[in-house]
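In what follows, a structure is listed as C-alpha cells, so that the remarks can point back to it.
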Amino acid sequence: MKTTTYNIERINHLIQQYQLGKEEFLTLISEGLKHSLTWEAVFKEEIQINHLKRIDKIFRKGLSYYLDPTPPITSKESSIFFRKEKFGTNLNLAAKKIVNQFEELKISLSGLAKLSDINLERKLPVLSNQDNPALVANKIREQLMPRSKKDPKKFLNALIDKFAEYNILVFEYVEHPSLKEKTNIDGFFLQPNVIVLRRNQDYFKREIFTLAHELGHYLLNQEEIESMDYDQMAFGKINKVEAWCNNFAFAFLAGPQLPVLDKLPNVTLRNDYNFNEIKTISDQTHLCFTAILTYLVKKGKVSGAIYAKMRSDQEEELRKRKEEDKKKRELEKEMGKASIASLAKPIKSPLFVSTIQSAFFDGVINEYELCKTLNLKPNQLEKYLR
DNA sequence: CCGGTAAACCCAATTGTCGT
DNA sequence: ACGACAATTGGGTTTACCGG
C-alpha cells in the first residue's frame with residue numbers, strides 16, 4: 001500500500017465548500033466497496049494513494065492539490081458557495097461539481113483577460129427589481145434580440161453571440177446520456193458576467209427561456225442557481241427576484257406578441273382551450289408552450305385544472321416523439337446500420353473564443369492550453385488562428 | 001432560407017482479467 | 001477484497017449537402 005503525506009485542511013475545505021456531511025462524504029468515497037471506509041481509517045498521518053484517488057473522484061482537483069501544504073483559499077471570490085448560503089433549489093453533487101467547475105473557469109478566464117488587456121467591462125446598467133420588467137425587456141430587446149431565426153437552436157446560438165457583444169459570457173454544458181447522476185439544475189448566473197446553461201436537447205425553447213431568465217439575474221446582478229420548475233412558477237410561492245426575472249424573460253421573448261397574449265380571452269373548454277392561438281404564439285416567438293401557460297395562469301386566465309391537463313398533454317407529446325425516434329433507430333439498427341453518433345457539442349460563446357485567442361497571441365497561454373481550453377484537436381487549430 | 005437526409009463520429013458505464 | 005487496466009457496450013447528435 002503506497003501512502004503519502006497530505007494536507008487535510010484542503011480536504012476539509014472542499015467538504016465544506018460542497019456542503020457535504022461527514023457521513024455523506026464517507027459514503028461517496030466508499031462507492032463500490034464492500035466495507036465502508038471510516039474517517040479514522042482514511043485520515044492517518046499519511047494517506048493511502050488509493051483513498052486519495054477516491055476523494056479526488058468527487059472533487060476532481062488532481063492529486064497534487066491535496067499534497068500542497070499551503071492552506072486553501074476560503075475567500076468569497078473563490079466560490080459562490082461561500083458568497084451565498086441558500087439557493088432556490090437543493091443541489092445534488094453533480095450540480096455542485098458543475099457550478100464549481102465553471103466558477104474556476106470564470107476565475108482563470110478573468111485572469112487571462114487581465115493579462116492580455118481584454119476589456120470585459122459591463123455595458124448594461126445594473127437594475128433594481130423596482131423597475132418594471134416589461135418596460136426593461138422592451139429596451140433590452142432592442143440591444144440583445146438577434147434578427148429572426150426560426151430554428152430554436154440557431155436562435156439560441158444567435159442570442160449567445162449577441163450577449164457576447166455586451167460582454168456577457170454564456171457557457172453551455174452537455175451531459176452524456178449515460179451519465180449516472182445528472183445535474184438537477186438548468187442554469188446559473190455568476191457575478192460579474194457569466195451565465196451557464198444546461199443543454200436541453202429535447203426542448204431548446206426551455207433552454208432559451210432559462211437563458212432569458214438568467215439575463216434577468218445579470219441585469220439585477222443577483223447570483224442564483226436555477227432549476228426551472230414551471231409548475232412552481234405557475235402556482236408556487238416564489239421570491240421577488242425570481243418573479244422579476246420570470247416576467248422579464250417572458251416579456252423579452254414575447255416582444256410584440258405580449259399584447260396579443262394579453263388580449264386572449266380566458267382559456268376554457270368552450271374555446272378549445274385557445275390551443276391554436278397559444279400554439280401560434282409559441283411558434284412565432286421562442287417562448288415554449290409551457291412558459292406561456294404559466295404566464296396565463298399568473299394572469300388568471302387559466303385555471304389550475306386546465307393548466308394541469310395541458311401540461312400533461314405536452315409531456316405526453318414529447319414522450320411519444322422520443323419513443324418514435326427510438327423505434328426508428330432500433331429499426332435502422334436491425335437493418336444493419338451502424339449506430340455511432342458523437343456527443344452533442346456545447347455552444348461556444350464567441351467572447352470565450354476570442355478571449356482565449358488573444359491570450360494565445362499575447363503568449364499568455366501556449367498552443368497546448370489553447371487546444372485544451374477550447375476542446376480542439378490539433379488539426380482543428382488552423383480554423384481558430386486565421 | 002427551409003426541411004429532409006446521409007455520413008461522421010464520443011464518452012461513461014460495465015465487464016473481464018490479472019496482480020497484490 | 002481491492003485496484004489497475006483493457007475491451008466492450010450502448011446511447012442518439014452534428015454537420016454538410018441537396019432540392020425547393
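Reminder, nothing fancy here: chain letters follow the sequence lines and each chain counts from 1.
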>> Treating primed atoms plus P, OP1 and OP2 as sugar-phosphate and everything else as base, which nucleotides of nucleotides 11-16 of chain B get B, S or - for protein heavy atoms under 4.0 Å?
In response: BSSS--

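When heavy atoms are screened at a 4.0 angstrom cut-off, A:Arg321 is found touching no nucleic acid atom at all.
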>> Taking Watson-Crick (N1-N3 plus N6-O4 or O6-N4) and G-U wobble (N1-O2, O6-N3), each under 3.5 Å, can you produce the dot-bracket string of DNA chain C? Use [ ] for crossing pairs and | for inter-strand ones.
In response: |||||||||||.||||||||

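By the 6.0 Å and 45° rule, A:Arg311 does not stack over the aromatic ring of A:Tyr230.
Rounded to a whole Å, the CD atom of A:Glu323 is 14 Å from the P atom of C:dG11. Put simply, NZ on A:Lys57 is 10 Å from C1' on C:dG3, counting in whole angstrom units. Between the CD atom of A:Glu175 and the C1' atom of C:dG10 there is a distance of 18 Å, given to the nearest Å. Rounded to an integer number of Å, the gap from A:Tyr203 OH to C:dT13 C1' is 20 Å.
A:Phe87 and A:Phe81 have their aromatic ring centers within a separation under 6.0 angstrom.
The aromatic rings of A:Tyr307 and A:Phe235 lie perpendicular to each other, with more than 60° between the two planes, well past the 30° mark. Between A:Phe250 and A:Phe209, the two ring planes are perpendicular [angle over 60°; tilted spans 30° to 60°]. Between A:Phe252 and A:Phe248, the ring-plane angle classifies as parallel under the 30° and 60° cut-offs.
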Report all side-chain donor-acceptor pairs from residues 157-169 of chain A shorter than 3.5 Å, counting only partners two or more places apart or in another chain.
residue	atom	partner	partner atom	Å
A:Asn167	ND2	A:Asn119	O	3.4
A:Asn167	ND2	A:Glu121	O	2.9

Show which side-chain atoms of residues 288-295 of chain A pair as donor or acceptor with protein atoms under 3.5 Å away, not counting sequence neighbours.
residue	atom	partner	partner atom	Å
A:Thr294	OG1	A:Ala291	O	2.6
A:Tyr295	OH	A:Asp262	OD1	2.9

Would you tabulate the side-chain donor-acceptor contacts of residues 34-53 of chain A under 3.5 Å, counting partners in other chains and residues two or more places apart, or write 'none'?
residue	atom	partner	partner atom	Å
A:Thr38	OG1	A:Ala41	N	3.2
A:Glu46	OE1	A:Thr3	OG1	2.7

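Residues from residues 29-56 of chain A lying near DNA chain C, meaning a heavy-atom separation below 4.0 Å, are A:Leu33, A:Lys34, A:His35, A:Asn50, A:Lys53, A:Arg54 in numerical order.
Neither side chain, A:Thr4 nor A:Tyr66, offers a donor N or O lying under 3.5 Å from an acceptor on the other. Looking at A:His213 and A:Glu224, their side chains never bring a donor and an acceptor atom within 3.5 Å of each other. When only modelled atom types and interatomic distance are considered, A:Thr210 and A:Glu226 share no side-chain donor-acceptor pair under 3.5 Å.
The phosphate of C:dT14 (OP1 or OP2) has a side-chain N or O of A:Lys153 nearer than 4.0 angstrom.
For A:Lys149 and A:Ser342, each mapped to the nucleotide of DNA chain B holding its nearest heavy atom, the one lying further toward the 5' end belongs to A:Lys149.
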